[in-house]
Structures are given as C-alpha cells and as structure tokens.
Amino acid sequence: GGKKTAAAGASPIKVGIVNLPPEESGYRQANVEDMNKTFAAANGYEARQTNTADNSEQIAAAAGYIRDGVDYLLISAANASGWDNVLKSAKDAGVKVFLFDRLIETDASNYQAALVSDMYAEGSIAMDWLLKQGLGAYNVILIRGQLGSAAEKGRSDAVLKARDAGKIKLVADGTGGDSWSLEEARKVVEAAITAGKDFNVIFAENDGMAQGAVQALDAAGITHGKGGKVKVIGFDFNRFALRNVQAGYWDLDVQCSPRQAAQIAGWIQDLKAGKPIPSGIVYQTEIGIDTASITNDIVLNKGINADPGEGVITR
Amino acid sequence: MRRVKATGFHLLLPLSVLAFLVVVNVIKGVDYFSLSVINGALYGNIPNILFGASELVVLAVGMTLVTSSSGGQDISVGVAGAITSSVFVAILLGADKITWWTIFAGFLAGCAVGVLIGAFNGSLVAVFKVQPMVATLILFTAGRSVAFLIDGKLSPILANDLTSRIGGVMPGVFIQTPILLTAVFIALIALLLKTTNLKLYAQSVGVNEKAARLNGIDPVAVKLLTFMLLGVCTAVAGFIAVCKAGRHDSVNLLKYIEMDAILAVAIGGNALGGGKFSVTGSIIGAYTIEVLNRTLLRLEVDTEAIKAVKAVFIIVLMVLASPVVRGYLANAVRRPRSGTQTGTVAEEAEDGWVSAPDAFRGREAP
Amino acid sequence: MRTVKGRETLSNSNLLFMIAAVIFVLMYALAMAIYPGSFLQLQTFFDLFSLNAPLIILTCGMSIVMIGGGIDISVGGVTGLVTMCCAVFLESGGGDVWSSMILALGIGIAFGLLQGFLIAYLEIQPFIITLAGMFLANGLLTTIHKDPLNVTLPGFVALRDAELVIPLLGSHNRLGNFIPLGIKIGAFVVVALVIALAVLMKWSRFGRNLYAVGGNSQSALMLGINVKRTKFQSYLICGSLSGIAGFVYIMTTGAGNVGNASGFEMKAIASSIIGGTMLSGGVGNLLGSPVGALTLLTINELIRAAGVNSNLQAIASGLLLCVFIVLQGVVVRLRGGGNLARALPSWLPAGKTTGKGK
Amino acid sequence: MHTQIVLEMRGISKAFPGVRALHNVDFTLRRGEVHALMGENGAGKSTLIKVMTGVYAKDAGRITIDGATIHFRSPQEAQNFGVGTVYQEISLCPNLTVAENMFIGRGRRGFVNWNRMNGDATRLLESLCIPARPTQELSNCSLAVQQMIAIARAVDMECKILILDEPTSSLDEDEVRRLFALMRELKSRGVGIVFVTHFLDQVYEVSDRITVLRDGELVGEYAASSLPQIELVAKMLGKELGDVAGIRNRRPRTAESGIPVFEATGLSSAAGVRPFDFSIHKGEVNGFAGLLGSGRSESVRAIYAADKVTGGSVRVNGKSVRIGKPIQAMKLGIGYLPEDRKGDGIIAELSVRENIILALQVMEGFFKPFSRKQAEAFADEYIRLLNIKTPSTGTPIKALSGGNQQKVILARWLLTHPEYLILDEPTRGIDVGTKVEIQKLVLKLAEEGVSVTFISSEIEEMLRTCSRLIVMRDRCVVGELEDSGLTQNDVMHVIAGGAEKPCDE
Ligand SMILES: Nc1ncnc2c1ncn2[C@@H]1O[C@H](COP(=O)(O)OP(=O)(O)OP(=O)(O)O)[C@@H](O)[C@H]1O
Ligand SMILES: Nc1ncnc2c1ncn2[C@@H]1O[C@H](COP(=O)(O)OP(=O)(O)OP(=O)(O)O)[C@@H](O)[C@H]1O
Ligand SMILES: [Mg+2]
Ligand SMILES: [Mg+2]
C-alpha cells in the first residue's frame, strides 16, 4: 500500500465508488469504512460512494459518476454482468476503472485492474490445514453461506473436491441462508446432533456461522477447539473469531481481507506519478491462522470488526 | 340457546399442520421425542425447537395484534429488533460493570425504544393513514443503518456470563432461558388480553373502523397501541436474539424474520386483512414454521433444493387446509347427520374459523 | 325535484395517481435545480427506464394484483428464476433468443397459473401462497444452477447491446466528447406494456371487473361478475409479467445470477403504493405504477448525486421516503376533508372508505 | 303453452351452521304478476332469494324456470338467464362510477365503451329521476340514491324475472311511487316480479299475490285481494298483532318545564348541516322530519359528534359541556343508533354477544372487561327482550338477517341505559310486529324518563311516537311542529315548503 499525501492546493482527485451496502455484512462494513477512510478529503480525494446491492442501481450510479466527470471509478459489483456498456462509456470518457473485491465478467481491457480475494484459495488454505491434522477419519459438517455467492462457491469448492477425492466424508451439508445466519447454522448442527451423526469437523463459511455451530456444540456438551473432539473452522478474520482461536476455543480462521483501499490508492498515486501499475486480476494474499500461529499482532492488525479483548471468547 | 363448550376450533388449521409435520418427523425416526440432560439442561429436538422459535413467537404475537387492528403488516420488525438490541448492548457496554441491574435497565431502555419505534410506525398508519407495509418500509430501509450507528463500533461483543446465561441456560435451571422467557412473555400477553379489552377494541377497529368510533373507541389510539405493543415485542425478541448470539451483529440479527412472522400469523388461521384474530393460532404458527425448517434439515433435503421443498410443503399444507377442500371434507362428514348437529358448527363461525382465511376478500355482512 | 350539485370529483384512483405524479414531478424539478450536473442530462432520465425496466414491469403486475385485493410476493423470485433458466437455456447450445422468450413467458405463466388457481379457486390467503411461490422460485433457481452465468450467444448479445440512439439529445462527457442519448430496448418494452396494461385496466371488461372485485368482492359476485376467474386472471397476468420482466432483466444485464431481482417484491409493492394503488384493493391507476417506481429510483439518484456518507445512505433514503409518504398522506387528508368525505367523519380520509368497501 | 308460470320452486331447504333458514318451501311466480314475499325478520325471505339466484347452494329442492329445471351456481348465471335482482343490502361496488355499477357484469363485450355507457346511464338515470351523475363514484351517493341505482340496474336488464328485496327501505314516498309505476309497466310487459317489503300498504298497492314465510317454512300463498291486512299480519306472526291504535293514547306529554336534558344552540358539523338549535326534555320523544337527504341524519350525527362538530354550544342537564367525540357523548348518557347499519353499526365479523356489549364495554373502560359469564348474561337478556333470532350468542352478526342485526344494535344501546337515545331509522328493515314493539319500547323508555329522538321515513310512525317534530329541508331546520292534533298532511305541508321560517344562511 502506498502512503499518500496530497500536494496542498492541488485540486482533489475525483473518485466514484460503487459498492455494496454496509448493511450487507461485517466484511462489507469494514470494507466501506476502509474506502471512506482512505479516500477522504484529507488525503486529497473528493470521493463519492454509492452503496447498494441492486445491480441496476449500481449500474445507474456508475453511469451517474461518469456523467459527473470523476477521474477514477471503483466498483465492487453486486452482479458480475451487465456492465459492458457502462465500462465502455467510462473508457470513452477517460475514466480509469478499478474493480475491487468482486470481479466483473467482461473483457479485461474494459478496466484497469481488479483487486480481489481468491475464495478458492481461501477454501484450499482451510482444507490443506485440516488434512494436515491427522484426524484419521474426517467427518465434516459443511455450513455454506448464501448459495451461489462467490465466497460460498470458492470455499465450498475445496470441501467438495476433498470429498470427491475421498479424503473426507461430508456428514451434513447445510447453509446459513442468504443472511449467513448464525441461527440457521446452529440449527444445521443441532439437526446433525439430534440425528446422532458422528462428526469431528465444522467447516463454517464465515465466522458468524461458526459461532452458531459452536453454540450448538456447547449446548449438546460436545467438546471442540484445542484438544476437543470437533475442529472448528471459520472465515473472515473477525477479531472475535481470532480471539476464539487464540483461546483454543476454535481451531482455524482464514483471512478474507476487506482492505483493498490502500492498494488501489497506491495505484492511483503511481499512475499520477507516471509509474506503471498492474493490470488485469490481482489476487490479495491471504492467510489462515490456527491456535499455534496466532499472535496478538495479527488480531490487532489483520482482524476486522470489534475486538473483545484478549482471552475473551464468544459463547 | 345451547352453550357450546367446544372452543379452539379455529386452531384446527395450525394444529393439523403441526401434527402433520410431527408425524413426518416421527416416521423419519422414532427418536424424535428423545430427551437427555446435558450440562444441566434438557436437550433434544423439542427443546431445540422451543429454543429456536422464541424470537419468532414473540414477534408473531405482536404482528397478530397489528394485523388485527390495522389490516396490514409491519415489515420492520426484524430491523426494529436490531435497533432495540443495539440500544440494550450500548447500555450494557457503557456500564462499568454488567450486573442483573444493568441488564434490566438495558432491557427497559430497549423496550422504550421499541415503544418509540412503534409510535413512529403507528402514527404513520393511524394518523397519516399510510398503509402499514409502506409505513414500515421506511424503517425497513433505514433501520439497520441506525442500529449500525448506535453500535458505534462494528459488531460489539457481549462476552459476559450473565447475558450468555440469558441466551443459554441458568445454573440450576433445567430449561434454557429463552424458552422460559418466551413462556413468561406468552403468559403476560395472555394476562393482558384477559384483563383488558384490547382484543375487542383491536378487532372492532380492524373489522369496522367507523362503527368502532361511533361506539366510543378511538381507532387512532388503538392502532397506535397495537403498534407500540409490537414495538415492545421487537425489544423482547431483540433482547433474546442478542443474548443468544452474544454479539450484536446489526447486519444479520433477526434478518428476514418479518416474512416468517407474517407467515406465522397466516398459518395461525388469522386473516391478514385484519379483524378477528387468535394469538394462540399465531404462536402455534410460529412453532410450526420452526418445526418445518428443522424437519427439512432432519430429512436432509439437498441444500440447493431446500427452499423449493419448503415451498412445496407449505403449498401442500395450505391446500389441505384451504376453505374449499375443507368444505368438501366437512360436507362429506356432515351430510348424513344434517339438521341435527348444529352446535359445534355454529361455534366454528364464532371463532372466526369460517371467516378467517378470507383475508383479501371484501369484508362485509351478507 | 332534487338536482345534483355540479361538483366534479376525481375518483380515488385518479386522485392518488395525480398526487403521486405531481409530487414526482416536483421532486424531479427540485433535483434538476439542485444537481443540474446529473439531472439536467436527459440520459439520466432515460436510464431510469432503461436500467429499471424489470422493476417497472413487476410494479405493473403488482398493481394489477393489488387492485384485485391481492398481493404477489413471488414476483422477484420468479424474475430471478427466469433469468437463470434463460441463461442456462441460451448457454446450453440448443437455445435461441426467440425460444428463450417463450421459455421466460412460460415460466411466468406457470407460476401465475399455479398461484392464481390456489388463491382464486381454493381460496388460500395470497400472502402465504405467493411467499411459498417465492421460496419455490428461489429453490428451483439454486437447484438448476447456482453460479453466475454469462450469456455469450451472439444473437443474444446483439439484443442486449441494442439501443436506440438519438444523437440530438446527447451530452458532452468529461473529455468533451459528445455522447448521444441511448435508449435500451427494455425502456420500450416498459412503455408498450404500461400503455397496454393501462388500456386493459381502463377499457377492458376484465379490468373493470377487477376493480369491482377489489372494491368489494361480495358485491362484485352479486353484480354477476365471475370473481374467481377475475382473480385468477389477475395472478396470471402478474405471473406473465414476471416472466417478461425476467427476460428484460437478462436482456439488460446479460447473465443469470442467484441474486437477480431479489428483493424486488418489496420494491414493487412500495412502488405500487407510492404510485397510488391501495393494498386493500379496488383503487389504483396503472399509469401510477411507473411513477411510483421512478419516485423510488429518483430518491436513489438524489442520494448519489448528493454524495451522502455510506453509512447514512439507507437512513437518507428512509427519510426521503418518509417525507414522500407523509406528504402523500397529508394531501389525501386535506382532500379528504372536502368533497369525498361527505357523510364520513372528517378525519377519515376518503381513500380509506372506498378501499374497504364496507 | 304450459300455463303462465315462469318460476317454480319446490321443496327448497337451506341450513346454515346453527339455523335452518328454509325448510321445504314452495314458491310459484307467474308471468306478469307482482308477487310479495312476506315474513318476519329472519323468516328466510332473503335466503330464498339468494338460493334462487345462486348466491347460496340449496340443500334440497328443485327450481324450474319456464318449465326447465335449472341450477344456478353463481349470480352471474342467474343474471344471464334473465333474472334481475336487487339484494337487500345494497350490493354495488363503492369504488366504481355510477354508470359502471349499472352496467358491470352485464353483456359479453370484451371492452367498455365509456361514452356509450355513460350515455345509456344518463338516459336511465333521467328516466327514473335519479339525482346522480353517471361519472360520479358510487361512494359519493347517498344510500337512497344507491338503492335507486341498484333498482335501475335490475330494471334495465330486460329480464323475465325481477327480484326486489326490500327495495323501498330507504326511499321516500315520491321515489316509491315512481318505483311502483315502473313495476306496473314491467308487469304489463310480462315480467314476473318478486317483491319483499315490510310496508304492508306497499304490498297491497302493487302486489297480486302474497306468499308468507314463517321461521323458514311456507305458511301459504294467497291472492292479495282475498287476504285482509290483519290476516296477513296474523299469518306472518303466527298470532294476532297487538292494537296499533292503542299506542297513540299513551303518547307522552312534553315536559315543558325544567331544564332540558340536552340543549344545543347553533350546532353545526363538518358534514355540512347549517347551524341549528335543538333541545329535548326528560321523558320527551321528538323527531326530525324531512325529505330524503334533508339533513336529518346529519343533524343527529352532529349532536352525537359522529361528524366533526364545527360550531355551537351544548348543554347537558343545564351544564355546559363539550362533545367532540362519540365517547364524550356516551359518557354523558347519549346513545346513537346510526342510520347506516352496515357501515356504521355492526362489527360484521364479531359475535352477537360482542356486538351487544360493545358500547357498554367501552364506557366501562379499557381495563374492565366483562367476564364471559357477565357478557353472556347481558346478551341473553336482550336477545330475549328483543326477540333476536340467532343460533347462539357466539354467532357472527353478519350471519343474522338484516332485521335481526338492527335489533342487536338497538340492544347495544339499550344496554347502556342512556338518558338520551337517538334512533336514526331504527325500524328500517324491521317487520311489522317488531316495528310496533319498537314503538312501544320507545314510549316505555320515555315513561321511564329516557329522552328519545326518533327519526323515521314513515311520518305516520313518527306521529305515533313523537310529541314534537323538527322539520328540515335542505340541511336546515325550517320549522317545528307540536301537539297531538297533527296529521300526516300537516307535516307534509311543512316539509314540502310552506315554510314557517326561511332558511337563513
Ligand atoms: N350467511 C348466513 N350464515 C348463517 N346464517 C344465515 C346467513 N344468512 C341468513 N342466515 C340466517 O337465516 C335466517 C333467515 O335469514 P334471512 O336473511 O333470509 O331473513 P329475512 O326473512 O330476509 O329477514 P329480514 O326481514 O330481517 O331481512 C336467519 O335466521 C339468519 O340468521
Ligand atoms: N355518502 C354521502 N356522500 C355524499 N353526500 C351525501 C352522502 N350521504 C348523504 N349525503 C347528502 O347529505 C345531505 C344530508 O344527508 P342525510 O343523510 O343527513 O339526510 P337525511 O335527511 O337523514 O336523509 P335519509 O333519509 O337519507 O337519512 C343530502 O344532501 C345527501 O344527499
Ligand atoms: Mg332479508
Ligand atoms: Mg337519514
């Protein structure tokens, strides 16, 4: 990431940001905050942000920004398609487009660069870690997120591949629904427990659902975490999740960084300075953290959302 | 004329639906009713259902009242629950130390905010005559952001023993606390309906507002009151939900619950067009939805198909319980004995069973 | 011999439509004054149609059902399902544009038939059935295909990119290049449908019967109207429109996706009501439906142009909605104190009484 | 040519939950006759009609029209078959225009020609002298006009059978006369007309034949000329009617002295009634007389604050009070039985019991609900007192016959033991027997010290009960008539315009 300080007196860089609404998820809240903070007036930007989960509203907003004459357009698309026209008019108007967090299915020449998380890689990080645990049998409960979402596809993929390869057994395959719901996740695990299923891994596709699953385990008196019967895996690097890992209450959390703003701002500064910047898809590098590798530094610097403090676990 | 003691006929719809689901579950495995004691609390399918449905039950009760008096539905209940619980959490985290007293104070503050929200929605509906779904659309749109702002920081965490006992189980008590809270709530509502004329007033206003006014009822006040009561319900639901979750997630807390709450009211045999209502029906309706969701999990329906299967379930149940199909069945049963048994059937009508499902038909006397 | 005093009164349907239209025009004019950069460009206005054609079409369907005293929660779900089915079909290799249109319409009609039958002939509450319909559509969608699917069939892509270019009405972009005004096919579909449906509701036997059924179904029955069939037809039309909207949707975005049109049911209901349709039935004007939808969309555009802080955007749009709704309520109330409220208590606005038919 | 019979119903039975509305009823209608269908409230007249037109499915029996057995499954089929019906409770759509209400559901054309429809409607309205514009929304028309529109619709249908269920209940004499002329004309064209009413005079004026029902059973069919009025009443009630003439003697004197129970000066309301003065003493019965739409209902609504009161001062028992809402009037001991039973009176879906106790319950307050037992006791008492026909106290009021619904609303107000009771058309749709009972009841109440304002479109009825008549024209009080010597003619004279005082703005 580049540190940017605007030359005093220079006219601000106009940026239009089309994003999903912060109400969408904790990830998005962090992402939106990050955008707002980075592209603040103090840093020499005049940024406007439209937050909506509706594709047509997003496209309308992008078109509006182009008409308003922004210099850069940053897009996190709700829907991977339908953007061709608007991207072309951006090109015609000399507006540079950066995609972040979500890809758009279009010709790569239609945008400058896309900075995204690799959901497939995230799934693989978790699966690779799991298969190294030497559990003997892997009886997994998979709790998916919103079906069809990029995160669900990528993260499920690793599990399904491992199953097809006969490395693990999928004992239950549920979903937290469109809201990645803690409650729904809890129900999935409860159903497995009351049906007398034997399982030793919970692969929950985000932290909230992992928490719901853990609640179900606790209520049923099933041990988990370090030294426990069930391995618990979550995603997103919420600080509370990291603290749970730190306390040995959960086993693994995989990062999915919402902080793309600094990187993109760096590119913008580079462009201004005439330096070359990458084009096409750029994946963020992400990590998985287990009870052994966790440090306070990671929790504080890489985690997102509220920090309950060291040693505090969420029941 | 003769007194007929047969009550609860209007509960036939929700009860038969529930019974059907239970039968499906038992066919899947007789262990359905098995109970055990884990960590000092009862554990099993039934406690899980009661536990899981608590918020929905509370909201369904409030939704029933609002539906009755205003003839419309509040779609902001989930959002309102997120707001009230954010206030609760803010107060708890603002206190030096979390005690039963701070929890109580936070809960009361949540209720107060709930009442305010109810007053806002209610006055749009009652004073400005906005249709409820649109009036509550305002909060539905804006509410989660409000909760987010109240949270101040992102998803504050309620890591303490007291609230996790409220969301889990109290030491020495056999039953999970949310189940008990729901029971207390239902008892209080029963008491409220018993000791006040709320039911009569709400129904009168819902059926014929003009006539109600000419009989001295203030329709504005009654609608406001039901909305404020629903506000309290959202506070209770929010309280239970956030204590269960241990974390205030302004994004996902009670998300999409409004549709379930409305569905519960409808499954409970209540007309969504207002008027006569049965709180018992709605409560059973709420549990029915919970059982339905868990049945699908128990049957291990394919994740991708789960919604479609749920839809088919609902449609089949509703067809079986529809007035027309029921009419055929009833006719088949009644025919041989017509003329003699008049009693039970008359009571049918009284409890709104006959008229209930006519939600969106024009209501008026024949 | 008594004579009638010659006061001409607007019907409630027209009154509510007028209010919606006037408030919308005022709002747009105000927006043009405050944010000329955005709103003075014609493209902004036409984009409202081009980009939101599916929503407007759904709003029309919703209005029709609501005029008949019903509701249809499934419209968004069906639209989403249609986009995915069309995408899968077009990408399967065997599909062409015309048969995919028929497929879209067919799915819509199928839902309309099923829901209409259950609601009209089995007398089940519309809310439950159509909510189940929404679940069904969502479930079928994820069962068929859950990943986003871009349609690459050339014929379809041509259709997707087709637009009417009006050079005279364009504007200059940031670099000073002149960009002509472009209008997408969806916008024309909308205009055609709105006109057709408005004519249907105003002049056809079905349309008038539906108003009667929504106003008071019991009376409608006594007046010799086939209430069940009329209701059935209203759901059928709404279902078909969902199908059409689905096709227009995929024609706009070019892809099938799980999230397509999700939440449109609420937006359609809100648009309908803002456009002057009453949920309780019997009151509404089809021309109001696009006005209602455009009002909601303009609110979004306003918030964008104003550059409201991300966290406050939802709150701002809620507030604007609130202002709009209260304004509408106040106008109706003021109006209600006049002619319409003859024999009614003065505080009771006229709209209410006819709506319920009591 | 098989006889003149156009409609024949044999052995018709129909049961509702808890009631046997019709049992083995026969009915025969001949071409070109007016056939009155008579019976007490709840005798089954409306049900017979609805069974005939396919609103209800019959449990047993056979219906033939022109010799062919028919079975209508919906009113639509009946209508297409040439059966025109005006139902008892006006069944029109409030949100449609007058013209639409006249023509909707008729014909086979797929599209509406508004110009032609409005033109036809204008002609029809003019020919029947109905004061309404075709493009007006129906809800803007008064009840009477709505009733006329419903009749116009049925009459225009070129039907072979015309059924009129209490068409005259809210019409004034002039309109009734016009309706009768119309009926005679249709009759001469060979239309068979079924006519239901509770006005005996009207029966004898137009009917050729009378069929009497009692408690859902057929009493008999008679030629009108051979059935004296007294006998008809006896057949309807199953017993002799008490002496109507006797009532008059017991008419209460006006208590001239003392402070009025209720006194208003310059009262006016948002509904448009001009400021008027009004007072009533303890034990007095007075009434508002006037033509249809002259503002009688609006005046009493202003007294009860049913419409927004816009001016004037009110004193109750000499004390100056403000009545801004119905509840305030109720608390001051005023009761009000509204004119529009369906719109303002009944709470359709609620039970008879709840409808009876409603007003008293509201006065008791929000926090003092009656126990179920108490409520039952109240309901039972008044069901017995007013002889309300209902299967049980728990039956929804909408399942009762029109007249019995009216009695329930009356019971509601009697239960509150008001000091001052306003009855706006309490006898509308009430059978002769009960009508007399209600008149007696009013006088008995007056004797007990209750003041009553009694409005009726039958002047005769008012003369019998009221000691003072306030005459209205064009929404303003034009005179006051007192003393016993009054005849119907005197009243008509004042109403018609021999104004005692001009209507001042
Ligand atoms: N829809 C219904 N459901 C249940 N009972 C009904 C219904 N309609 C009528 N009844 C009952 O059938 C009986 C006959 O009613 P009906 O309306 O035919 O009387 P009616 O002779 O027309 O009386 P009125 O002169 O008061 O109009 C009454 O006891 C009434 O309670
Ligand atoms: N619903 C209505 N809409 C418009 N005007 C009405 C309505 N009801 C009554 N009016 C008009 O109000 C005036 C007074 O009506 P009101 O009902 O008080 O008359 P009334 O003397 O009681 O006659 P009625 O015999 O109809 O009861 C009349 O001009 C009438 O036409
Ligand atoms: Mg009758
Ligand atoms: Mg009157």
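All values derive from a computational prediction rather than experimental measurement. Quick note: numbers below take in every heavy atom, side chains included, and nothing from hydrogens, waters or symmetry partners. Within every chain, numbering begins at 1; the chains are lettered A, B, ... in the order of the sequence lines, protein sequences first and strands thereafter.
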Enquirer: Between B:Y32 and A:T194, is there a side-chain heavy-atom distance shorter than 4.5 Å?
Expert: no
Enquirer: Using a cut-off of 6.0 Å, state whether more than 12 heavy atoms not belonging to A:K197 lie near its atom NZ.
Expert: yes
Enquirer: In terms of side-chain geometry, is the basic nitrogen of B:E304 or A:R144 positioned less than 4.0 Å from the acidic oxygen of its partner?
Expert: yes
Enquirer: Compare every heavy atom of B:A159 with every heavy atom of A:V312, then report the nearest pair and how far apart it is.
Expert: CG1-CB, 2.9 Å
Enquirer: Do any N or O atoms from the side chain of B:N39 and from the backbone of A:A220 form a donor-acceptor pair under 3.5 angstrom?
Expert: no
Enquirer: At a heavy-atom separation under 4.5 Å, does B:A245 approach chain A through its side chain, its backbone, both, or neither?
Expert: both
Enquirer: One pair to check against side chain to side chain contact (heavy atoms under 4.5 Å, CB included): A:L182 and B:D249. What are the steps and the verdict?
Expert: CA-CA 10 Å; A:L182 178 153; B:D249 182 349; over 6 Å; no
Enquirer: Name the option with the most non-hydrogen atom pairs under 4.5 Å to chain B; the candidates are A:G221, A:P21, A:A219, A:S181.
Expert: A:A219
Enquirer: So, taking the atom named CD in A:E183 and the one named CD1 in B:I257, what distance separates them when rounded to the nearest 0.5 Å?
Expert: 8.0 Å
Enquirer: With chain A, which of B:T303, B:I306, B:N160, B:V301 has the greatest number of heavy-atom pairs at distances under 4.5 Å?
Expert: B:T303
Enquirer: Output the distance between atom CD (B:E300) and atom CG (A:D173), rounded to the nearest 0.5 Å.
Expert: 10.0 Å
Enquirer: Would you find a donor on one side and an acceptor on the other, under 3.5 Å apart, between the side chain of B:N252 and the backbone of A:S179?
Expert: yes
Enquirer: Atom OH of B:Y43 and atom CD of A:E190: how far apart are they, to the nearest 0.5 Å?
Expert: 4.5 Å
Enquirer: With a 4.5 Å cut-off on side-chain heavy atoms, are B:R247 and A:P308 touching?
Expert: no
Enquirer: What part of B:D161 is in contact with chain A, defined as an atom under 4.5 angstrom from a non-hydrogen atom: side chain, backbone, both or neither?
Expert: side chain
Enquirer: How far does CZ of A:R239 sit from OG of B:S155, to the nearest 0.5 angstrom?
Expert: 11.5 Å
Enquirer: Of the backbone (N, CA, C, O) and the side chain (C-beta and beyond), which part of B:D31 lies under 4.5 Å from a heavy atom of chain A, both, or neither?
Expert: side chain
Enquirer: Passes side chain to side chain contact (heavy atoms under 4.5 Å, CB included), A:W180 versus B:K255? Steps please.
Expert: CA-CA 10 Å; A:W180 304 74; B:K255 198 166 190 175; over 6 Å; no
Enquirer: Testing the basics here: between B:P156 and A:A306, what is the closest heavy-atom pair and its distance to 0.1 Å?
Expert: CA-CB, 4.2 Å
Enquirer: Under a 4.5 Å heavy-atom cut-off, does chain A meet the side chain of B:S145, its backbone, both or neither?
Expert: both
Enquirer: Out of A:D178, A:T175, A:L147, which residue meets the side chain to side chain contact (heavy atoms under 4.5 Å, CB included) rule with B:K307?
Expert: A:D178
Enquirer: Just checking B:F174: does its CZ atom have more than 12 heavy atoms from other residues, nucleotides or ligands closer to it than 6.0 angstrom?
Expert: no
Enquirer: Given heavy-atom pairs under 4.5 angstrom as the criterion, report whether the side chain, backbone, both or neither of A:A216 touches chain B.
Expert: backbone
Enquirer: For the atom pair NZ (A:K187) and CG (B:N293), what is the distance rounded to the nearest 0.5 Å?
Expert: 5.5 Å
Enquirer: Side chain, backbone, both or neither: which part of A:I193 has a heavy atom under 4.5 Å from chain B?
Expert: side chain
